[in-house]
Amino acid sequence: MCQDGRRKFLAKPTVFVLNGYDYLLVFLLLCSVVPIAAFTLSALLRPRRTGAERRTTYESGMEPQGEAWVQFNIRYYMFALVFVVFDVETVFLYPWAVAFSQLGVLAFIEALIFIAILVIALVYAWRKGALEWS
Amino acid sequence: METGLDLQRTFVQALEGFGLMPGVAQTLWMPLPMVIILVGATLWALVATWLERKVSAAAQQRIGPEYAGPLGVLIPVADVVKLLIKETIRPAKADPWLFSLGPVVVVLPVLLAYLIVPFGQHLVVTDLAVGVFLWVSISSVAPIGLLMAGYGSNNKYSLLGGLRAAAQSISYEVPLALAVLAIAMMSNSLSTVDIVNQQAGYGILGWNVWRQPVGFLIFWIAALAECERLPFDLPEAEEELVAGYQTEYSGVGFMLFYAGSYLNLVLSCLLVAVLYLGGWEAPIPVEVFVTGLGLSVTDPLVEVITAAIGITMTLLKAYLLLFTAILLRWTVPRVRIDQLLDLGWKFLLPVALVNLLVTAALKLSFPQVFGG
């Protein structure tokens, strides 16, 4: 395929086993410069004033009542749990989808069973009210 | 035969011609496309903020910014300067580490994802084999940043906003990933370049949007929700939560959130263009004109012109989508949190699963049309 030429071309001088990931690493370093530069530039330019009033928590102009680090709605936790189930499912499906053209009908039926099990999980969570907000 | 402008090869060969080692030439090339894409991404995000103001103004029959430069084009620059010289206030009760790192963790994955956006056969920072999967996976880091910001601020509005933002982005990530999955199945690859190549050859008729209309809609809705755009801007909800997790941020912290959201919007539009609208392919294949004029596709001048058309096409498609996103903002009312989660879990998720299975079935039945 036309891609192989380029990948081989890139592969020569790298020390990495996986092609192209050296770019990812360098790009990550380069990207982290952006927020650092923004913070440094601002630190040089911005005014500095102090005062206890200034640093109080904003609560629409009222005196802040208590802390915000309190117990919060359990609903968020339920959604996070259901999310983990389905996110892992999609991760498992990625290799299947990419290799699907070589796998044929049997792989389709296998994925059908796999997804059916997860649909049962979704129906269960739905019936149990894990997906209800109110 | 490889076609298309390959700047890397030209650059490396030119340097090797000067007697440099191939490894050195490669290393010298490495940062160039990265810096270009970072500058480009920043510019596109700035243009997006200007467009947002101008289109919003037009939607409300106002004029919008007009004094800073012609048509107010310098207003984004003024914004950046204003935010940079603003005082940064960290609330006394906030957690210093979480509060400062929050915006950084939000903006970094967005910037990093520009690595895989292709503008031509070789006009991509690196054509990773995992391509879109890299984007799907690193974009799930952003909710952690939102939680850090929301929880670290020690402010009730921020806490609610942060939790809502995290719940929202995880809810829409699953349908988004499933929509991408159907595309990956049709292309037999996760590489963004392969995905565009698979749509090439038939002009506008070959684009994935015709074969994946449902996937396109799922992806677009989920992408808007991931970007926290109206009608899904609950985490920020100015009227109820002041600005959600951004409430306590001023100056740079706020700027990073703001930049992050627009960078993410531009990125999503670019990816919709790449995955569904044929990426750099023109509605009528450029090759038709080239051969019609009796030129060769490998002619250097033709290659440069084709590459320029490719970049213009990608950006044009992305900005068209951005325009729709801005118009949607002023057309659709905001949803409630329960409606938002219902839409994600009870509608988009089942539909995305069915779409995936239908794509698989169609691929088995009509392998020619659905990518072999």
Side-chain angles (χ1 to χ4, degrees), chain A residues 2-3 5-7 9-10 12-13 19-21 23-24 26-28 30-32 34-35 38-39 41-42 45-49 52 54-60 67-69 72-73 76 79-80 82-83 86-87 90 93-94 97-98 100-101 104-105 108 111-112 115 119 122 126 131 133-134, chain B residues 2 22-23 26 30-31 34 38 84-93 104 107-108 111-112 115 122 125-128 133 154-156 158-159 163 167 170-171 173-174 177-178 181 184-185 188-191 193-194 247-248 251-252 255-256 337-338 341 345-346 349 353 357 360 363-364 372:
Chain A
C2 51
Q3 292 311 304
R6 179 179 165 84
R7 288 199 182 120
F9 181 67
L10 281 174
K12 262 184 284 173
N19 294 342
Y21 286 85
Y23 278 78
L24 177 67
V26 175
F27 196 56
L28 177 63
L30 214 63
C31 288
S32 13
V34 174
F39 274 113
L41 199 62
S42 157
L45 294 172
R46 70 182 178 222
R48 274 163 212 288
R49 300 193 195 92
R54 186 175 288 280
R55 297 187 66 198
T56 48
T57 305
Y58 176 76
E59 215 162 294
S60 302
E67 293 253 328
W69 290 338
F72 48 81
N73 203 333
Y76 294 105
F79 280 100
V82 184
F83 163 72
F86 282 93
D87 212 33
T90 31
L93 282 174
Y94 265 94
V98 174
F100 187 70
S101 60
V105 184
F108 178 65
L112 215 58
I115 291 173
V119 167
L122 181 68
W126 197 329
L131 305 178
W133 186 256
S134 45
Chain B
E2 297 218 4
Q26 283 278 358
M30 213 182 200
M34 298 179 187
L38 275 183
L84 274 178
I85 61 176
K86 266 216 157 183
E87 190 179 358
T88 308
I89 300 166
R90 198 183 68 225
K93 285 185 174 173
V104 180
V107 88
L108 262 187
L111 281 175
L112 198 56
L115 189 76
H122 303 291
V125 181
T126 174
D127 177 22
L128 285 178
F133 189 64
N154 200 353
N155 175 315
K156 286 144 202 155
S158 302
L159 179 71
L163 285 171
I170 62 171
S171 296
E173 213 165 277
V174 181
L178 286 171
L181 204 53
M185 181 187 277
N188 303 317
S189 168
L190 290 167
S191 146
V193 174
D194 289 354
T247 304
E248 291 292 356
V252 197
M255 185 177 84
L256 289 179
I337 182 118
D338 58 324
L341 294 166
W345 289 106
K346 297 183 181 171
L349 176 60
L353 278 173
L357 289 176
K363 194 178 161 81
L364 281 175

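We use all heavy atoms of the structure for the numbers below, so side chains are in, but hydrogens, waters and symmetry mates are not. Note on naming: letters A, B, ... go to the chains in the order of the sequence lines (proteins, then strands), and numbering restarts at 1 for each one.
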*Which atoms of Leu122(A) come close to chain B, meaning under 4.5 Å heavy atom to heavy atom: side chain ones, backbone ones, both, or neither?*
side chain

_Side chain / backbone / both / neither for Glu248(B) at chain A, heavy atoms under 4.5 Å_ = side chain

*Output the distance between atom OG (Ser42(A)) and atom NZ (Lys86(B)), rounded to the nearest 0.5 Å.*
11.5 Å

_Top contributor to chain A contacts, counting heavy-atom pairs under 4.5 Å, from Ala184(B), Gly251(B), Ala167(B), Pro91(B)_ = Pro91(B)

*What are the two closest heavy atoms between Ala38(A) and Leu84(B), and how far apart are they?*
O-CD2, 3.7 Å

*Considering only heavy atoms, which portion of Leu353(B) lies under 4.5 Å from any heavy atom of chain A: side chain, backbone, both, or neither?*
side chain

*Give, for atom OH of Tyr76(A) and atom CG of Leu341(B), the distance between the pair rounded to the nearest 0.5 Å.*
8.5 Å

*Rounded distance [0.5 Å steps], CD1 in Ile115(A) versus CG in Leu357(B)*: 4.0 Å

_Partner chain A: residue of Ile170(B), Val174(B), Asn155(B) with the largest heavy-atom pair count (under 4.5 Å)_ = Ile170(B)

*Measure across Phe100(A) and Ala360(B) and return the closest heavy-atom pair with its distance rounded to 0.1 Å.*
CE2-O, 3.6 Å

*Choice from Leu115(B), Ile89(B), Leu349(B) maximising heavy atom contacts with chain A below 4.5 Å*: Leu115(B)

_chain A contacts, top residue of Leu178(B), Leu159(B), Leu364(B) (heavy-atom pairs, under 4.5 Å)_ = Leu364(B)

*For residues Phe39(A) and Thr88(B), determine if any side-chain heavy atom of one lies less than 4.5 Å from a side-chain heavy atom of the other.*
no

*Residue Phe79(A) versus chain B: region with a heavy atom under 4.5 Å*: both

*So do Phe27(A) and Leu38(B) actually touch side chain to side chain, heavy atoms under 4.5 Å?*
yes

*Name the member of Leu111(B), Leu108(B), Leu163(B) that forms the most heavy-atom pairs with chain A at distances under 4.5 Å.*
Leu163(B)

*Are Tyr23(A) and Leu128(B) close enough, and set up right, to give a side chain to side chain contact (heavy atoms under 4.5 Å, CB included), and what steps lead you there?*
CA-CA 9 Å; Tyr23(A) 278 78; Leu128(B) 285 178; over 6 Å; no

*Output the option from Pro31(B), Ala92(B), Ser171(B) having the highest count of non-hydrogen pairs under 4.5 Å with chain A.*
Ala92(B)

*For the residue pair Trp126(A) and Trp345(B), establish whether any side-chain heavy-atom pair is separated by less than 4.5 Å.*
no

*Which answer fits Val82(A), side chain, backbone, both or neither, if we ask what part of it has an atom under 4.5 Å from a heavy atom of chain B?*
both

*Taking C-beta and beyond as the side chain, do Tyr94(A) and Leu181(B) meet within less than 4.5 Å on heavy atoms?*
yes

